Amino acid sequence: MTLVNFNNRTRNTAPYFNNVFDSLFSDAVTKNKMVDKSPNVNIYENETAYIIELAAPGLKKEDFQINLKKDTLSVWAEVKKDETQVVKDFTRKEFDFSSFARSFNLPDKADGDKITAEYKDGILNINISKKNDAKLQHKEIVVS
């Protein structure tokens, strides 16, 4: 078997032909932005808690499911839209499904019993309290 290099951008090929197929495939891949894409996340901590901010605009709070299993916090959302348009003898029906899932390993200092979540302005905020003995203590150490 012979391996042959194929270059679709030769001088003999019409540029229009290449552009049609390039746009067809790139549009098909990028049309639904939420498919196989995880939302961006900010994670930080303060004295009393760990905070996860998950960017998920266009959703409702009912779309989210948050689950804690041992030390793994899982967040997922699934949206199903069904749009039907009837004009005279023609019916058009479009389906739109999008979903994502993210998992986070919680540190030992996290208190699994004190986790709260709020969805506001396209951001899901998850607040994970720290155990009382794990809270950051600020004190000055005197050198003797």
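In what follows, residues are counted from 1 in the order of the sequence shown. Since this is a predicted model, take the numbers as computed values, not measurements. In what follows, every heavy atom counts, from backbone to side chain, and hydrogens, waters and symmetry copies are set aside.
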One thing to verify: whether K130 and E47 come together as a salt bridge, which I'm taking to mean a side-chain N less than 4.0 angstrom from a carboxylate O.
no

Quick one: side chain to side chain donor-acceptor pair (under 3.5 Å) partners of D111, sequence neighbours excluded?
none

Measure the spacing between [atom1] of [X] and [atom2] of [Y] and express it to the nearest 0.5 Å.
X: E118; Y: I126; atom1: CD; atom2: CD1; answer: 11.5 Å
X: I52; Y: I43; atom1: CD1; atom2: CD1; answer: 5.0 Å
X: I128; Y: K114; atom1: CD1; atom2: NZ; answer: 14.0 Å

Set of ring pair (Phe, Tyr, Trp, His ring centres under 6.0 Å) partners for F104, sequence neighbours left out:
none

Apart from I51 itself, what residues make up its hydrophobic cluster, given side-chain heavy atom links below 4.5 Å?
Y44

Which atom names give the shortest non-hydrogen contact between L59 and F100, and what distance separates them?
CD1-CE2, 3.9 Å

Which heavy atom in D108 sits nearest to a heavy atom in K131, and how many Å separate them?
O-NZ, 3.3 Å

Decide yes or no for I115 and Y50: does some side-chain heavy atom of the first lie under 4.5 Å from some side-chain heavy atom of the second?
no

Report all side-chain donor-acceptor pairs from residues 60-75 shorter than 3.5 Å, counting only partners two or more places apart or in another chain.
| from | atom 1 | to | atom 2 | distance (Å) |
| --- | --- | --- | --- | --- |
| D63 | OD2 | K60 | N | 2.9 |
| Q65 | OE1 | W76 | NE1 | 2.3 |
| T72 | OG1 | N105 | OD1 | 3.2 |
| S74 | OG | S103 | OG | 3.3 |

Mark yes or no for whether K120, through its side chain, and N125, through its backbone, hold a donor-acceptor pair below 3.5 Å.
no

